[in-house]
Amino acid sequence: MARYEPSQSETKWQEAWNKADLFAARRDPAKPKYYVLEMFPYPSGRIHMGHVRNYTMGDVVARYKMAKGFSVLHPMGWDAFGMPAENAAMDNNGHPKDWTYGNIAVMKDQMKPLGLSIDWSREFATCDPDYYGQQQAMFIDMLETGLVYRKNAVVNWDPVDMTVLANEQVIDGKGWRSGAEVERRELTQWFFKISDYAEELLDALDNLKDWPEKVRLMQANWIGKSRGLQFAFSTVDAPEGFDRLEVYTTRPDTLRGASFAAISPDHPLAKHLERHDPKVAEFVAKCRAGGTTEEAIETAEKLGMDTGIKVRHPLDTSWELPVYIANFILMDYGTGAIFGCPAHDARDFEFATKYELPITPVFEPVEGDYPEAEYVPLKSEKVRYIRGFAGDEVQTGEEGVASAIAFCEENGIGQGVTKFRLRDWGLSRQRYWGCPIPVVHCETCGVVPEKKENLPVELPYDEDGQKIDFSIPGNPLDRHPSWRDCTCPNCGGPGQRETDTMDTFVDSSWYYARFTSPGAATPTDPAEAEYWMNVDQYIGGIEHAILHLLYSRFYARAMHKTGHLPAKAIEPFDALFTQGMVTHEIYLTRDAKNRPVYHLPEEVEDGKLKATGEAVETIPSAKMSKSKKNVVDPMNIIAEFGADTARFFVMSDSPPERDVEWTAAGAEATSKFLARVHRIADDIANSDAPANEAEDTALLKATHKAIDEVTKSIEGFTFNKAVATLYGLTNTMSKSTAGAETKRDAMKLMAQLLAPMVPHLAEEVWSMLGGEGFVIAARWPEADPALLVEDSVTLPIQINGKRRAEISVPKDMPKEEVEKLVLADEAVVKALAGGQPKKLIVVPGRIVNVVI
RNA sequence: GCCCGAGUGGCGGAAUGGUAGACGCAGCGGAUUCAAAAUCCGCCGCAGCAAUGCGUGUCGGUUCGAAUCCGACCUCGGGCACCA
């Protein structure tokens, strides 16, 4: 009797697949194509269960589509630039390049045993000069097309380390290494003009039918289209050149409830005052403390300072409002100046209360009492205007806004304008380990793009023969004279290279396109892009719902505009599936400064560190993340049980879009199940049981029902249900007394159903039962509709909505006859006690409800 | 603070307006075995001897019928533009 030995059979089948070169994507005009892509990994060092889950899902789809007769593209690469490599270099006195490529080698070795149907010939890393050189070429094209520009923007500045910090490196407003209070500081930075596409990116969401509704909603809110009024206050006692103060409001209907005007600390007027008034300078400096994130700004204590300047109310010029500088006004949104109506805005209410400003209601509820604090009804709700100036007395907020805009336009007060919350994409990073921005700063010519024939502008590995020192904070490119100094591509005179590198989101905004022709001498090859684009199914984490996906949608449009993608590819991902995350508890201890030190699960046992016995703090499950070290190593599972067990386990139980808490408990059970399938297949292969018509038909029906359900489950991304179906079919198969021939056929069909999830075992079973060729090369089975119909159904009988009895009736029994049967039922007769039912509801094939 | 989700047995979950708890884990009982492992069979929401009652985060509503639809709230998770 053959035993289930995954360690041998998995290697055997992987070698056989390789030899047959089954997974190389081929442009085959005779076949429909299918491009399935999982979000490529960051090479953190080791794979974790999240990767296994992500790539197994993609593999299930890829293998299923292969069996359905598609020419499949299923590539893999590495999102290889980014901060962790520099941090590692800092910690280990190493080099980001060595660390990154070392990690890639290890992770690839760990992924290979999973038996994924990946075309490894297309592999690349974003830190390969060949890849980022093409990215530089596109940057130059975009610069020439006007899609790239420079402007000032704020960064987190660590005044002790004299360096720019990532948001992640700012903890409670302090630098993570120096502990210094972080300040917001302006630098000149490079930007992509994504705002040009705001409207289109919003409108096009409606056509992304196979994207999750929640992702489209999140992106729509992020883009944040709003209709409002822009107008200028005339100022009183303002410095020269500031006669007018432009403000933007989405609630012009509340204009007569205005009690103050407020400007951002970064507003030109605030900057002017800062230079002339030490008190303003002090206040503005206070406002600039803390990080740059919207979260930090929104949750910080609301601070304001009266500038002493007044503005005249546009509807009544004798009415003057004070002008405050306020830390919660963002310069990036609108005009960087607002008017506050504390009666109908929570934040303005808080501010007005704090600074004792008047709170004047503009409208009140149509019914009921005016609330104690601010009154902020939905814009769609009708309210009664008591200090309105346009439109009806009773109207919705939306109507009030529209009529206020119309009134202001007619009376020359201001203009209705449409604004977007979406800001241009700042791509400059003051860091080493990223794609160098290919421009040269020349004293005579200014900012000049590098010549394309000089690309790639490669990152220097060392510094005049010396290893680059990553232990010094800041950007090594900035203090690397022999790399930095160069000749101007325009005039040939002395120039200096741009030392900013690109945001890693740029790298991941076009890798899907590069996979269609990874070796091309241009960013893409038109024929290949035309054949393979778009990505038919994209799979990745919900954490990328906004930034990565929105940037990719913009970048595809930019690539089209610069001639690198066909028009059909401006929405690069036809269907999107967002998998849930794999979560795990977090273990930490504290260092001398009470800062957290994280520990891997395998270093912890019974709440203590294995090495030292020190007790660890346990934080409840959170997304597995390399920085928190709450990652589980799938290699142990593969070594103990085999890849098929790891694959099947991550597909079972939890629905794919939901988070799953990793627990080791189920792995053994999964392995037992796979061994059971193997055992049953072996029994069947050696059986000579005679045919048995009734049993044969029953097994055949069960098998076809399973074909139907598994197919639907794979198509619908409910892999956990496919697993449950396969468990059920296995139980049926094991108990069935059907003849050997029928059982063999049924088992071969089951091998096909198993193949996308547990490909090695499926091949083993297939070959045991005499299947021809590879099981994954066999055409996907189709359920015979005739075998799916049931002759009779069980109808539950409810009395007043509670289940009290059930009857079994032929499938197509007419309603009237069902009613007769129901009324004759013992429980119904008893409940009616001789009376008539008030109502009798018969839902054919589903349920009966007797209302008494 | 703002935007988006999710809450069902001891546990993961199934059922998306029609029998709540499919399937699996854990547990319990049995068969097999000298014994154990493995395997096979059965039971398994809570309370109750039972009849029956209760039960899908909480409270309210719509409906003949609600885990499912609507409203308010609570808790947990994701994102917030320099983590990837």
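Not measured: the values here are computed from a predicted model. We name chains A, B, ... by the order of the sequence lines, and we start the count at 1 in each one.
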Report which part of the nucleic acid [X] touches: base, sugar-phosphate, or nothing (heavy-atom distance under 4.0 Å, all strands).
{"X": "A/Pro41", "value": "nothing"}
{"X": "A/His548", "value": "nothing"}
{"X": "A/Val155", "value": "base"}

(message) For B/C82 and A/Arg429 - does any side-chain N or O of the residue sit under 4.0 Å from the phosphate oxygens OP1/OP2?
(response) yes
(message) OP1 or OP2 of B/U19 versus the side-chain N and O atoms of A/Arg804: is any pair under 4.0 Å?
(response) no
When you get a sec, tell me which of [options] is the closest nucleotide to the side chain of [X]?
{"X": "A/Asn720", "options": "B/G13, B/G18, B/C4", "answer": "B/G13"}
{"X": "A/Thr293", "options": "B/C4, B/A81, B/G12", "answer": "B/A81"}
{"X": "A/Thr504", "options": "B/G78, B/A84, B/C64", "answer": "B/A84"}
{"X": "A/Glu168", "options": "B/C64, B/G1, B/C83", "answer": "B/C83"}

(message) Between B/G65 and B/A15, how many Å separate the two C1' atoms, rounded to a whole number?
(response) 15 Å
(request) For nucleotides B/C73 and B/C2, find the distance between their P atoms and express it as a whole number of Å. (result) 12 Å
Is it the case that [N] (base atoms only) and [X] (side chain only) share a donor and an acceptor within less than 3.5 Å, ignoring hydrogens and angles?
{"X": "A/Glu294", "N": "B/C80", "result": "no"}
{"X": "A/Asn167", "N": "B/C82", "result": "no"}
{"X": "A/Gln430", "N": "B/C82", "result": "yes"}

(message) Before we go on, tell me: are the rings of A/Trp211 and A/Tyr538 under 6.0 Å apart, centre to centre?
(response) no
(message) Could you work out, with side-chain contact (heavy atoms from CB on, under 4.5 Å) as the rule, every residue matching A/Ser792, not counting sequence neighbours?
(response) A/Ser808
Surrounding [atom1] of [X] (heavy atoms of other residues, nucleotides or ligands, distance under 6.0 Å), is the total greater than 12?
{"X": "A/Asp478", "atom1": "CG", "answer": "yes"}
{"X": "A/Lys830", "atom1": "NZ", "answer": "no"}
{"X": "A/Lys705", "atom1": "NZ", "answer": "no"}

(message) Taking A/Arg216 first and then A/Glu213, would you say they form a salt bridge - that is, a charged N and a carboxylate O separated by under 4.0 Å?
(response) yes
(request) Could you identify which residues of residues 721-732 of chain A place a heavy atom less than 4.0 Å from some atom of RNA chain B, listed by residue number, or say none? (result) A/Lys721, A/Ala724, A/Tyr727, A/Asn731
(request) Have a look at B/G77 and give me syn or anti from its glycosidic angle (syn if within 90° of zero). (result) anti
(request) Determine which bases of RNA chain B form Watson-Crick or G-U wobble pairs with both distances under 3.5 Å, and write the result as a 5' to 3' dot-bracket string with | for other-strand partners. (result) (((((((..(((.....[....))).(((((.......))))).(((....)))..(((((..]....))))))))))))....
(request) Between A/Thr299 and A/Lys830, just flag the one whose closest nucleotide in RNA chain B comes earlier from the 5' side. (result) A/Thr299
